[in-house]
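These notes concern the structure reproduced below.
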Amino acid sequence: MLWSVPGASPPDERLRVMPWWLVLVGLLLAALLGWWVLHWLLGEADSATAPDTRATLRIDAIRTGLTVVAGTGGGLALLLAARRQWISERAQRHQEVVAAADQAHRDRVQAHTEAVAEAGQRHQERQAETAAHDAAERRLTELYTRAVELLGNDNAAVRLGGLHALERLGQDNPAQRTTIVGVLCAYLRMPSPDDDARETEVRRSAQRVLTRHLRADGDAYWPGMRLDLTGARLDDFDAAGCTLDDADLTGATCTGTTRFTGATVTGRLALGARFDTLVLDEVAGDATIVLDDARVTGGLSADGAEIGGRLSCRRATLGETSWRGATFRRTVTFDHTTVTGSASFRDAVFHGGLSMEHTTFGGEAGFRRARFADMALFRWTEFGADASFADARFAGAASFGRARFHGPVSFEGVTLARRPLFDQARATTSGTHTWPDGTHVERLDTDWLLLTDP
């Protein structure tokens with residue numbers, strides 16, 4: 001309708017065009033209304049009796065009719081003006097909505113364009129990185145292959161060049177260090193002629209390359225390396241001051257002096273190998289040290305060692321042995337071990353149990369001022385010469401059952417938490433012995449004394 005409230009239509013309602021005939025109908029209605037009012041007023045004026053009054057009333061009726069027509073037309077004009085104002089405001093709002101939608105669309109398009117560009121840039125960067133990585137990997141593979149080929153050359157000088165090429169490759173590429181250490185260990189595990197001085201020098205160089213990068217004293221340190229030298233042939237292997245995370249020398253043949261002086265060991269240090277001389281002085285760490293079945297023809301020295309893990313030395317054959325001032329945090333086992341020379345455990349401290357059952361000491365066995373915090377077992381042990389426990393301290397049980405003492409025995413100044421057991425132990429009659437108080441000793445024959453427990 002012409003006079004309906006324009007603002008009541010929803011924003012998305014389609015604008016309907018007002019037909020032209022509706023304006024004509026409005027004008028016609030206004031004219032009819034004016035004519036009807038004029039006719040009615042003229043009829044009322046004609047009913048007057050006085051001529052003057054009738055004339056006056058007719059004039060007023062005409063004026064009133066025209067006024068009604070004019071008022072009705074003015075009302076129609078106001079309605080048309082209001083409609084035009086509403087249409088203008090609605091058009092303005094529509095333009096604003098369209099402009100906002102266009103701006104939002106442009107923003108979305110711009111954001112999408114930027115996102116696509118950024119994704120393309122990232123893709124290009126990834127492609128560039130991948131290409132660079134592939135190129136670096138190809139170059140690294142080529143260098144590694146070339147170095148390994150040099151290491152397998154028949155010429156000793158070329159093999160030395162291959163060693164240093166591998167070392168440089170590992171220094172510049174930490175991810176390759178484990179592989180390179182594995183290659184060097186494999187090279188040392190390969191058999192070699194005994195009388196080839198040039199090959200011996202190459203192998204010593206390989207050993208130096210390994211140990212040089214196991215010392216935590218600078219940028220040359222390669223942490224976390226594990227040495228697999230099982231069955232290797234080593235000559236004057238020097239791992240002094242190295243940090244070892246698992247090292248296995250089981251079955252290796254180690255000529256000259258093998259040194260682990262001041263090394264820090266973790267994990268497992270397997271030394272079940274053949275040694276001319278083995279030096280473990282001041283070794284420290286919590287590694288389990290395994291010397292089972294080891295053969296040390298010369299001396300074994302572990303003075304001042306701080307062994308935090310277990311020490312197992314079963315069925316080993318050792319020459320002169322020294323563990324002076326060593327500290328053992330956990331269990332120590334020397335069962336069925338043979339020491340052909342003298343053995344010294346002077347001032348050693350055993351925080352865990354000690355077992356030396358069926359152990360044979362060919363020379364002097366010294367435990368002067370040793371400290372035994374837990375059980376100490378020397379059952380069936382053969383002491384081939386002097387056995388000294390002078391000033392030792394036993395905080396736990398001690399057993400020497402069926403042990404044999406072929407030389408003088410001294411327990412002078414010993415401190416005992418409980419009386420040691422000597423069940424059926426024997427001592428030579430030719431030596432001078434100092435036994436703990438309360439030890440029952442009787443003569444078995446001309447050669448042996450028999451020790452029994454009360």
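Keep in mind the model is a prediction, meaning the values are calculated, not measured. Throughout, residue positions are numbered sequentially from 1 according to the sequence presented.
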Measuring from atom [atom1] of [X] to atom [atom2] of [Y], what distance do you get when rounded to the nearest 0.5 angstrom?
{"X": "S322", "Y": "D281", "atom1": "OG", "atom2": "CG", "answer": "7.5 Å"}
{"X": "L318", "Y": "R295", "atom1": "CG", "atom2": "CZ", "answer": "9.0 Å"}
{"X": "T333", "Y": "L311", "atom1": "OG1", "atom2": "CG", "answer": "7.5 Å"}
{"X": "L244", "Y": "T211", "atom1": "CG", "atom2": "OG1", "answer": "10.0 Å"}
{"X": "D235", "Y": "T200", "atom1": "CG", "atom2": "OG1", "answer": "6.0 Å"}
{"X": "R315", "Y": "T337", "atom1": "CZ", "atom2": "OG1", "answer": "8.0 Å"}

Looking at every non-hydrogen atom in both residues, tell me the closest pair between [X] and [Y] and how far apart they are.
{"X": "A427", "Y": "W435", "answer": "CB-CZ2, 3.6 Å"}
{"X": "V296", "Y": "G299", "answer": "CG1-O, 3.5 Å"}
{"X": "L249", "Y": "A273", "answer": "O-CB, 3.1 Å"}
{"X": "R159", "Y": "V202", "answer": "CB-CG1, 4.1 Å"}
{"X": "A302", "Y": "A326", "answer": "O-CB, 3.9 Å"}
{"X": "L416", "Y": "P436", "answer": "CD1-CB, 3.7 Å"}

[X] vs [Y] side-chain heavy atoms within contact, under 4.5 Å:
{"X": "V339", "Y": "F334", "result": "no"}
{"X": "E118", "Y": "E114", "result": "no"}
{"X": "V265", "Y": "F260", "result": "no"}
{"X": "R177", "Y": "P223", "result": "yes"}
{"X": "H358", "Y": "D335", "result": "no"}
{"X": "M225", "Y": "T178", "result": "yes"}
{"X": "L210", "Y": "Q207", "result": "no"}
{"X": "R404", "Y": "E382", "result": "yes"}

Look at the side chain of [X] and the backbone N and O of [Y], then say whether any donor-acceptor pair between them is shorter than 3.5 Å.
{"X": "D245", "Y": "R226", "answer": "no"}
{"X": "T381", "Y": "M356", "answer": "yes"}
{"X": "S342", "Y": "G363", "answer": "no"}
{"X": "R369", "Y": "F367", "answer": "no"}
{"X": "D236", "Y": "T257", "answer": "yes"}
{"X": "N173", "Y": "A175", "answer": "no"}
{"X": "T338", "Y": "H336", "answer": "no"}
{"X": "H433", "Y": "T428", "answer": "yes"}

Would you call [X]-[Y] a salt bridge at under 4.0 Å N-O?
{"X": "D238", "Y": "R259", "result": "no"}
{"X": "E201", "Y": "R208", "result": "yes"}
{"X": "D228", "Y": "R189", "result": "yes"}
{"X": "E142", "Y": "R146", "result": "no"}
{"X": "E129", "Y": "R126", "result": "no"}
{"X": "D453", "Y": "R419", "result": "yes"}
{"X": "D391", "Y": "R368", "result": "yes"}

Next on the checklist: Determine whether L163 and L184 satisfy the following criterion, side chain to side chain contact (heavy atoms under 4.5 Å, CB included), listing intermediate values before the conclusion.
Outcome noted: CA-CA 8 Å; L163 284 176; L184 295 178; 3.3 Å; yes
Tell me if the [atom1] atom of [X] is crowded by more than 12 foreign heavy atoms within 6.0 Å.
{"X": "E320", "atom1": "CD", "result": "no"}
{"X": "R418", "atom1": "CZ", "result": "no"}
{"X": "E149", "atom1": "CD", "result": "yes"}
{"X": "R168", "atom1": "CZ", "result": "no"}
{"X": "R215", "atom1": "CZ", "result": "yes"}
{"X": "N155", "atom1": "CG", "result": "yes"}

Next on the checklist: Here's a test for you: under ring pair (Phe, Tyr, Trp, His ring centres under 6.0 Å), which of F328, F345, F350 qualifies with F372?
Outcome noted: F350
Next on the checklist: Under the ring pair (Phe, Tyr, Trp, His ring centres under 6.0 Å) test against F405, which residue among F383, F389, W448 passes?
Outcome noted: F383
Looking only at side-chain N and O atoms, does [Y] offer a donor or acceptor that is under 3.5 Å from a partner on [X]?
{"X": "T255", "Y": "D276", "answer": "no"}
{"X": "S312", "Y": "R314", "answer": "yes"}
{"X": "S388", "Y": "D386", "answer": "no"}

Checklist entry - Stepwise, does the side-chain hydrogen bond (donor to acceptor under 3.5 Å, both in side chains) test hold for E167 with Q171? => result CA-CA 6 Å; E167 181 182 16; Q171 185 64 27; over 6 Å; no
Checklist entry - Should V441 and L451 be marked as a side chain to side chain contact (heavy atoms under 4.5 Å, CB included) after you check the CA-CA gap, both sets of side-chain angles, and the distance that decides it? => result CA-CA 5 Å; V441 182; L451 287 77; 4.0 Å; yes
Checklist entry - Taking it one step at a time, do D374 and L354 satisfy side chain to side chain contact (heavy atoms under 4.5 Å, CB included)? => result CA-CA 8 Å; D374 204 340; L354 169 65; over 6 Å; no
Item to check | side chain to side chain contact (heavy atoms under 4.5 Å, CB included) partner of L271, chosen from T250, D248, L280 | outcome: L280
Next on the checklist: Could you go through Q424 and T452, starting from their C-alpha distance and side-chain angles, then the distance that decides it, and tell me whether this counts as side chain to side chain contact (heavy atoms under 4.5 Å, CB included)?
Outcome noted: CA-CA 5 Å; Q424 301 298 313; T452 57; 4.0 Å; yes
Checklist entry - In terms of ring plane angle, is the pair W222 and H213 parallel, tilted or perpendicular, where the classes change at 30° and 60°? => result parallel
